[in-house]
Asks: 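Sharing a structure here in structure tokens format.
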Number of protein chains: 2
Amino acid sequence: MVKALEQKLLKHNIKPTAMRVLVLDYFNSLSAAISLSALYEEFDRSDRITLYRTLKAFEAKGLVHSIDDGTGAPKYALCEANCNTTDHNDSHIHFHCDSCERTFCLQKFSIPEFDLPTNFIQQEVKLVVNGVCDQCTA
Amino acid sequence: MVKALEQKLLKHNIKPTAMRVLVLDYFNSLSAAISLSALYEEFDRSDRITLYRTLKAFEAKGLVHSIDDGTGAPKYALCEANCNTTDHNDSHIHFHCDSCERTFCLQKFSIPEFDLPTNFIQQEVKLVVNGVCDQCTA
DNA sequence: AAAGGAGTGCAATGGAATTGCATTTTTACG
DNA sequence: CGTAAAAATGCAATTCCATTGCACTCCTTT
């Protein structure tokens with residue numbers, strides 16, 4: 001399945017180095033967004049800066065998107081399939097659980113339409129909900 | 001009008017020192033949210049830390065709310081009238097203009113309703129729009 | 001007038017993003 | 001192959017803020 005991972009990287013114009021394949025593989029296994037620091041904990045073998053630049057590269061190429069959930073450190077999660085260098089289409093709701101501290105991409109819950117004042121041009125929307133997730137309410 | 005400012009501070013259980021009255025007065029004159037650093041530029045006579053603690057106190061007492069517009073530094077703006085120590089009711093849309101870099105509270109534009117997955121409990125919602133404001137499109 | 005508490009200012013700490021540079025790895029081309 | 005160029009990596013250092021500790025001042029209260 002490494003092949004598939006490499007294909008995905010190449011499709012996004014990212015050179016598939018060992019590190020990057022590993023990081024992408026790890027992202028595939030995640031159900032919540034992850035911060036650089038948390039990622040670093042998982043990859044003792046690699047340098048924090050390398051991971052930082054890996055994330056930046058993934059983000060620039062539309063492979064992951066970053067979420068500012070108010071915890072101070074941005075978190076990263078895989079994009080939807082149709083993101084690329086010039087277009088990110090991640091307009092879904094993000095949910096931060098105040099109990100388990102995890103941040104989820106609710107990809108099936110898109111951001112609703114809303115009005116803006118006259119002559120305000122909307123380019124990007126970020127909607128972050130804080131609360132308690134299903135696993136913590138159970 | 002200093003009296004009125006002092007009254008407002010007292011109503012929020014904030015001791016009205018000269019500095020705090022000045023800061024509140026300055027907030028009243030603003031049409032956009034302001035960061036600590038920007039506030040510091042306006043108050044050469046005061047220490048950055050004092051302003052930092054002033055903002056924290058104002059926020060804790062429901063006089064201002066903070067907005068994370070993605071620029072790294074949080075910005076602050078006056079709350080709506082009915083905020084207090086225990087309740088903030090600032091669920092309006094925030095708009096960050098990528099051109100002039102200002103961040104506006106669109107207090108007349110409330111955040112629309114939306115769905116969450118089953119058993120997710122919503123406690124707070126932050127909606128930040130990036131784009132171009134009316135003055136920059138003109 | 002003295003004492004205590006709150007506010008203020010300065011110095012220092014701490015965490016995280018970011019950058020510079022040298023080294024290693026990968027790619028491209030002869 | 002093999003070497004040169006380009007990209008990626010790792011380390012050190014920088015920078016930017018938020019935050020805290022401590023001393024000093026101001027104000028209130030007795």
Side-chain angles (χ1 to χ4, degrees), chain A residues 2-3 5-26 33-61 63-76 85 96 101 103, chain B residues 2 5-6 8-26 33-61 63-76 85 96 101 103:
Chain A
V2 170
K3 273 275 187 241
L5 296 171
E6 288 179 350
Q7 287 306 317
K8 184 163 187 180
L9 289 171
L10 287 170
K11 202 177 66 181
H12 287 270
N13 283 311
I14 301 170
K15 206 169 287 183
T17 66
M19 195 75 251
R20 289 169 175 177
V21 171
L22 276 180
V23 172
L24 177 57
D25 187 39
Y26 186 62
I34 190 170
S35 69
L36 169 59
S37 294
L39 186 64
Y40 182 47
E41 308 254 310
E42 298 294 321
F43 284 80
D44 272 350
R45 307 284 315 196
S46 177
D47 187 70
R48 183 188 177 87
I49 314 315
T50 301
L51 292 171
Y52 167 75
R53 279 186 277 225
T54 299
L55 291 175
K56 283 291 180 191
F58 280 14
E59 187 182 14
K61 297 303 174 66
L63 196 55
V64 304
H65 60 287
S66 72
I67 306 133
D68 186 344
D69 60 10
T71 57
K75 291 201 173 70
Y76 298 85
T85 304
H96 177 72
E101 293 284 312
T103 297
Chain B
V2 170
L5 296 171
E6 290 179 348
K8 184 164 187 180
L9 288 171
L10 286 170
K11 203 177 67 181
H12 287 271
N13 283 311
I14 302 171
K15 202 171 290 184
T17 67
M19 194 76 249
R20 289 170 176 174
V21 170
L22 277 178
V23 172
L24 177 56
D25 188 39
Y26 185 63
I34 190 172
S35 68
L36 170 60
S37 294
L39 185 64
Y40 182 45
E41 309 255 309
E42 298 295 323
F43 283 79
D44 271 352
R45 308 282 316 195
S46 177
D47 186 70
R48 183 187 176 90
I49 314 310
T50 300
L51 291 170
Y52 166 75
R53 281 186 277 224
T54 299
L55 290 175
K56 283 292 180 187
F58 281 14
E59 185 182 15
K61 297 303 173 62
L63 197 55
V64 304
H65 61 287
S66 74
I67 307 133
D68 185 343
D69 61 8
T71 56
K75 291 199 173 72
Y76 298 85
T85 305
H96 177 72
E101 293 285 314
T103 297

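All values below come from the heavy atoms of this structure, side chains included, with hydrogens, waters and symmetry mates left out. Below, chains carry the letters A, B, ... as their sequence lines are ordered, and counting in each starts from 1.
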Asks: Looking only at side-chain N and O atoms, does B:K15 come under 4.0 Å of OP1 or OP2 in C:dG5?
Replies: no
Asks: Is A:R48 touching bases, backbone alone, or none of the nucleic acid, heavy atoms closer than 4.0 Å?
Replies: sugar-phosphate
Asks: Taking OP1 and OP2 of D:dC17, is either one under 4.0 Å from a side-chain nitrogen or oxygen of B:Y52?
Replies: no
Asks: For the pair made of CZ in B:R20 and C1' in D:dC27, what is the distance, rounded to whole Å?
Replies: 13 Å
Asks: Atom CG of A:L24 and atom P of D:dA8: how far apart are they, to the nearest Å?
Replies: 15 Å
Asks: Can you check whether B:K61 reaches B:T85 side chain to side chain, under 4.5 Å on heavy atoms?
Replies: yes
Asks: Can you find a pair of side-chain heavy atoms, one from A:F58 and one from A:R20, that are under 4.5 Å apart?
Replies: yes
Asks: Rounded to the nearest Å, what distance is computed from the CE atom of residue A:M19 to the C1' atom of nucleotide D:dT9?
Replies: 10 Å
Asks: Taking all atoms of both residues into account, what is the closest heavy-atom pair of B:V64 and B:L55, and its distance?
Replies: CG2-O, 4.1 Å
Asks: Could you check how far OH of A:Y76 sits from C1' of C:dA17, rounded to whole Å?
Replies: 9 Å
Asks: Counting only side-chain nitrogens and oxygens, does A:S46 get under 4.0 Å of the OP1 or OP2 atom of D:dG10?
Replies: yes
Asks: Send over the distance from A:L9 CG to C:dT26 P, rounded to a whole Å.
Replies: 15 Å
Asks: Quickly work out the B:K75 NZ to D:dA18 P distance and round it to whole Å.
Replies: 11 Å
Asks: What is the distance, to the nearest angstrom, from the CD1 atom on B:I49 to the C1' atom on C:dT8?
Replies: 11 Å
Asks: Determine: side-chain N/O of B:T17 to OP1/OP2 of C:dG7, distance under 4.0 Å, yes or no.
Replies: no
Asks: Which part of the nucleic acid, if any, lies within contact of B:R53, taking any heavy atom under 4.0 Å across all strands shown: a base, the sugar-phosphate backbone alone, or nothing?
Replies: base
Asks: Using whole Å, report how far NZ of A:K56 lies from P of C:dA16.
Replies: 15 Å
Asks: Looking at the side chain of A:A73, which of D:dA8, C:dA11, C:dA17 is the nearest nucleotide?
Replies: C:dA17
